[in-house]
Amino acid sequence: IPSEPIEEQTPSPATPTTVSEEIQEIRNTPYQLSATDTLQVVQLTDGKFEQGTPGSDNFMSAVMTDFAALGDLTGDGIDEAAVLVSENYGGTGVFVFLAVYSQVDGVWTFQTSTMVDDRPQLTALSIANNEIFLDAIIHGMDDPMCCPTVRTTRHYRFVDNLLDLIDYTTFTPGGEPRSILIESPAEGSDVFTSVPIQGQVTIAPFENNLVYRIYDISGIELSAGAIMVSAPDAGAPGTFEAVIPLGNSLSGAIIRLEVQDLSAADGSLLAMDSVELVVK
C-alpha cells in the first residue's frame, strides 16, 4: 500500500499573535537572560528591559516581541505561554529566544528558553496539541547577517521544564519543503532490542543518506548511524526503512529517536522528525 504523501505546510501570514490580557501580564514579569555567561534575571516593564547606554560595555536589553501564544503544553488542562524575546548586548547581534512561561501559584513565571537565531525574520508562533509551532526565516551558511533566507518551520515540546525540538523543516529557494516523516514506530511505542523504522522524505538527501540519533530522556546521545533512502532520482521524494539496534538502553528507559537530514556543505540541520519510545 503506497504511503500517504507528506503534507506541505502553507506559509503563515506574517502577523503577530494578538496580545491577550495574560500575555500583557507576562510582559511585566521577570525574564531570565539567555545569551549571558552567568545567570541573570531582569524585570520586564511593558515587555522591555534596558541597562546602560548603547555601545557601552555594560549595555544590555531584552524586548518581548508581539509574537506570543497561549495553550496547554503539559496536558494538565492549564495553559502555558510561549513568547519570542530578543536580546542585545551593544553589538549588532540581536539574539531571539523562544521562551516558555507557566503559572506558579497564580503568577506567570519564566521556565526555560531556546535560541532561534541572530536577527531572524519571525512569521508565526502558535500552540496546538501540546506543541509549540514556530515559522521563522533564519540565516544560511552564506547569508549576510542582515538578510536571512532560509525559511524554517518546527515544533517544540515542553518536557521537564525544557524545550525539545521534535521536528524541523526547511524550504528550498523555490519554496519546496524539505521534510522527514517517521511513519512507524508510533509515538510512545514499546521497543525491545531494536527498532524497525520506516518513513518518507519530500526531497532525497545528499547521496541518499539520512542520520539517526538516539537520546535518553536528559538529551544525552546514546548512539547514531546512517539510514539509506530509496528515491527514483536525486532530490526526488523517497522512502526509508531500516532496523536500528538499541545497544545498551536499559529496560524501562524512555528514549527519543531522531532521523535527520544534514547539509553536506556545513553539517547544518535541513530536516528532522522524531518519536519518543519506551524500551521494554
Side-chain angles (χ1 to χ4, degrees), residues 3 6 98 112-117 130-134 136 138-141 150 152-171 177-231 235 237-280:
S3 301
I6 301 176
L98 171 63
T112 190
S113 65
T114 187
M115 186 169 172
V116 177
D117 194 25
N130 307 129
E131 297 173 356
I132 300 170
F133 171 77
L134 175 63
I138 65 171
H139 291 82
M141 180 177 62
V150 181
T152 68
T153 60
R154 76 285 292 272
H155 287 89
Y156 296 88
R157 284 203 191 108
F158 179 57
V159 181
D160 295 329
N161 282 0
L162 296 174
L163 282 168
D164 289 339
L165 179 67
I166 60 171
D167 63 45
Y168 188 83
T169 295
T170 59
F171 292 76
R178 186 185 296 270
S179 300
I180 297 172
L181 174 64
I182 298 174
E183 297 174 305
S184 68
E187 180 77 13
S189 294
D190 293 341
V191 294
F192 297 90
T193 57
S194 62
V195 182
I197 186 172
Q198 64 181 28
Q200 306 175 51
V201 296
T202 55
I203 298 175
F206 179 72
E207 295 185 342
N208 285 339
N209 278 316
L210 297 171
V211 173
Y212 75 80
R213 300 185 191 279
I214 298 176
Y215 299 91
D216 68 11
I217 195 169
S218 63
I220 296 174
E221 184 176 306
L222 302 177
S223 64
I227 298 176
M228 289 297 298
V229 168
S230 175
T239 60
F240 59 88
E241 187 171 356
V243 177
I244 298 173
L246 292 180
N248 296 322
S249 297
L250 296 176
S251 177
I254 297 174
I255 59 173
R256 189 174 80 255
L257 170 60
E258 290 188 4
V259 178
Q260 305 172 342
D261 181 1
L262 302 177
S263 167
D266 62 359
S268 62
L269 186 63
L270 298 175
M272 185 270 285
D273 196 15
S274 67
V275 288
E276 193 171 271
L277 306 168
V278 179
V279 181
K280 293 294 185 179

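All residue numbers in this chain count up from 1 along the given sequence.
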So, for [X] and [Y], which heavy atoms are closest and what is the spacing to 0.1 Å?
{"X": "Pro245", "Y": "Ile214", "value": "O-CD1, 4.0 Å"}
{"X": "Val259", "Y": "Ile180", "value": "O-CD1, 3.4 Å"}
{"X": "Phe192", "Y": "Val279", "value": "O-CG1, 4.1 Å"}
{"X": "Val116", "Y": "Ile138", "value": "O-CG2, 4.2 Å"}
{"X": "Ile203", "Y": "Gly235", "value": "CG2-O, 3.5 Å"}
{"X": "Val229", "Y": "Ala204", "value": "CG1-CB, 4.4 Å"}

Approximate separation, where rounding is to 0.5 Å, of [X] [atom1] and [Y] [atom2]:
{"X": "Leu262", "Y": "Ser268", "atom1": "CG", "atom2": "OG", "value": "8.0 Å"}
{"X": "Asp266", "Y": "Met141", "atom1": "CG", "atom2": "CE", "value": "4.5 Å"}
{"X": "Ser189", "Y": "Lys280", "atom1": "OG", "atom2": "NZ", "value": "11.5 Å"}
{"X": "Phe133", "Y": "His155", "atom1": "CZ", "atom2": "NE2", "value": "5.5 Å"}
{"X": "Ile244", "Y": "Leu257", "atom1": "CD1", "atom2": "CG", "value": "4.5 Å"}
{"X": "Phe158", "Y": "Ile132", "atom1": "CZ", "atom2": "CD1", "value": "8.5 Å"}

### Task
Report the C-alpha separation of Phe240 and Val201 in whole Å, then their side-chain angles, then the decisive distance to 0.1 Å, and conclude whether the side chain to side chain contact (heavy atoms under 4.5 Å, CB included) test is met.
CA-CA 8 Å; Phe240 59 88; Val201 296; 4.2 Å; yes
### Task
Return each pair, listed once, that meets side chain to side chain donor-acceptor pair (under 3.5 Å) where at least one residue sits in residues 251-261; pairs must be two or more places apart or across chains.
Arg213-Gln260, Arg256-Glu258, Glu258-Gln260
#### Entry: Ser179: which of Asp273, Thr169, Thr170 passes side-chain hydrogen bond (donor to acceptor under 3.5 Å, both in side chains)
Thr169
Between [X] and [Y], is there a donor-acceptor pair closer than 3.5 Å when you use the side chain of the first and the backbone of the second?
{"X": "Ser274", "Y": "Ile166", "result": "yes"}
{"X": "Thr202", "Y": "Pro177", "result": "yes"}
{"X": "Asp164", "Y": "Arg157", "result": "no"}

### Task
Please report the C-alpha distance between Thr152 and Asp117 in whole Å, then the side-chain angles of each, then the deciding distance to 0.1 Å, and finally whether the side chain to side chain contact (heavy atoms under 4.5 Å, CB included) criterion is met.
CA-CA 11 Å; Thr152 68; Asp117 194 25; over 6 Å; no
### Message
If you count heavy atoms of other groups shown closer than 6.0 angstrom to CG of Asp160, is the number above 12?
### Response
no
### Query
Within a strict 4.5 Å, meaning less than it, do heavy atoms of the Pro185 and Ile197 side chains meet?
yes
